[in-house]
Structures are given as C-alpha cells and as structure tokens.
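Proteins come first, then strands; the chains are lettered A, B, ... in the order of their sequence lines, and each starts at number 1.
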Amino acid sequence: QVNLLQSRAALVKPGASVKLSCKASGYTFTDYYIHWVKQSHGKSLEWIGYINPNSGYTNYNEKFKSKATLTVDKSTNTAYMELSRLTSEDSATYYCTREEDYVFDYWGQGVMVTVSS
Amino acid sequence: DIQMTQSPASLSASLEEIVTITCQPSQGIGNYLSWYQQKLGKSPQLLIHSATSLADGVPSRFSGSRSGTQYSLKINRLQVEDTGIYYCLQISSTPWTFGGGTKLELK
C-alpha cells in the first residue's frame, strides 16, 4: 500500500533553516511527482511546488521560490523540502503529496513547523 | 495566478440533507478541478477529480458538476462522517491554487 511518511514536528529559531522529509513506500518512487503544500493554522492550502523524482526537475510557486528547495534521494525513496530564513510566517503544517495525472491521490500525515525563539 | 472563490465559507446542515459547495475560478480552467475533504487534524483526501469523476472508494453520495465556469460539489443525504472542511483545487495552470475552504458542520 502506498504510504508517505513525513518527518517529526520541528521547532526552529527565526532565521534558521529546516529540512523536511517525506519517505515514500508501496510504489515506484520515480514514477510519480511529489508536491508540497502549506497549511497555516486555521487557513486554506497553498501549493508550494513539485519535484519529478526521476529527473530532479522542479516547478515552484513563485511565492515560495526563495523560501523552499525541493530535492529527492532516489536511493532511499525520500523527498525533501528545505525551508530557509524562517520567520513566523513559515509556521505551518506542511504536507507532501503524490500526484497522478493532476490528482493528489496520496498524502503524507503532515509535519508542523513552529518558528519561535 | 488563478483565484478560486469558494462558497459558502461555512455551512451547517442536517443529517440526510443535500449540501452544495461551489467554486468559481477567476479564469477558465476546463475540467482541471478536483475536490478534497479534510477532517480535523488529518490530511486532505481526494473526493472528485476532473471536475466530475468520483475517486476510488469515495461514497456515491458525493458528486461533482460543472455549469459554465462554476464548479460544484454536492453531497446527497449528508452523513455524520461528512463533517470537515472541503477544498477545491485548480490544476489548469501553475501555481495550482486552492479555494478558501468550506467548513461543513452538522446542525
């Protein structure tokens, strides 16, 4: 069965960076794009961008281009998102999700990032 | 960016009632629209894709439709387990954008 297992919650200081992970299992990792979605507390969802695990090609929402960096490690079937220069605006829950034909069919459980000194 | 105007923002309905949620994109998106349900503390789950296609395993009381440039999610005979927040998502052009969400509660 398909599963996307995300890393634990993170508490990080303002100005620091954090690298979130999303470990895929139950399918061929390189066959499906991985997307990342942000959900601020009590708010709607924002699409951050996606990565093609096979080629490493990325496509970012312009809003997150200087904030997020998407990478993969094919040897461990893991996708990563690094968030840099964190501020309180980056405190949110972040989801990874698998895309099949423009549909997000499987989601990770989400990881809460809290930016606080 | 394509803005997705979703309404209503919140909705209270009775068991077995019919519920309709709509999304209006700021420009044409064809059938590149999907609907997701998010229960409290959980990840969103796919309900409808391609505007009208029911996702695998989703109860048939859920349906999606399109009338011109307006998209709707309809729940026939509302059940207790249908409470949560519903989002539309356009995947016609990047950046992909979600509607603001509709919080559905039982009356």
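For residues 47-86 of chain B, heavy-atom neighbours of chain A at less than 4.5 Å comprise His49(B), sorted by residue number. Contact residues of residues 88-99 of chain B toward chain A are Leu89(B), Ile91(B), Thr94(B), Pro95(B), Trp96(B), Phe98(B), Gly99(B) (heavy-atom distance under 4.5 Å).
Most heavy-atom pairs under 4.5 Å with chain B, from the set Tyr106(A), Phe104(A), Tyr102(A): that is Phe104(A).
Contact annotation for Gln38(B): only side-chain heavy atoms (C-beta onward) come within less than 4.5 Å of a heavy atom of chain A. Heavy-atom distances place no part of Lys63(A) under 4.5 Å from chain B, backbone and side chain included.
Note on Tyr32(A) and Ile51(A): same hydrophobic cluster, where clusters join Ile, Leu, Val, Met, Phe, Trp and Tyr whose side-chain heavy atoms are under 4.5 Å apart, directly or indirectly. Residues Leu33(B) and Val37(A) fall into different hydrophobic clusters, defined by Ile, Leu, Val, Met, Phe, Trp and Tyr side chains chained together at heavy-atom separations under 4.5 Å. Both Leu11(B) and Leu15(B) sit in one connected hydrophobic cluster of ILVMFWY residues. Membership requires side-chain heavy atoms under 4.5 Å apart, directly or through other members. Cluster membership for Tyr50(A) and Tyr36(B), using ILVMFWY side-chain heavy atoms within less than 4.5 angstrom, is shared. In the hydrophobic cluster analysis, where Ile, Leu, Val, Met, Phe, Trp and Tyr join through side-chain heavy atoms closer than 4.5 angstrom, Leu86(A) is grouped apart from Met112(A).
At distances below 3.5 Å, not a single donor-acceptor pair connects side-chain atoms of Tyr95(A) with backbone N or O atoms of Pro44(B).
The disulfide bond (SG atoms under 2.5 Å apart) analysis of residues 20-117 of chain A, with sequence neighbours excluded, yields the pairs Cys22(A)-Cys96(A).
Here Ser10(B) pairs with Lys103(B) under the side-chain contact (heavy atoms from CB on, under 4.5 Å) rule; sequence neighbours left out.
Annotation for Glu89(A): atom CD does not count as buried by contact number, only 12 or fewer foreign heavy atoms lying within 6.0 Å. For Tyr32(B), the OH atom counts as loosely surrounded, since its 6.0 Å shell holds 12 or fewer non-hydrogen atoms of other residues, nucleotides or ligands.
The OG atom of Ser43(B) lies 9.0 Å from the CD atom of Gln39(A); values are rounded to the nearest 0.5 Å. Atom-to-atom distance recorded for Ser34(B):OG and Asp101(A):CG is 12.0 Å, nearest 0.5 angstrom.
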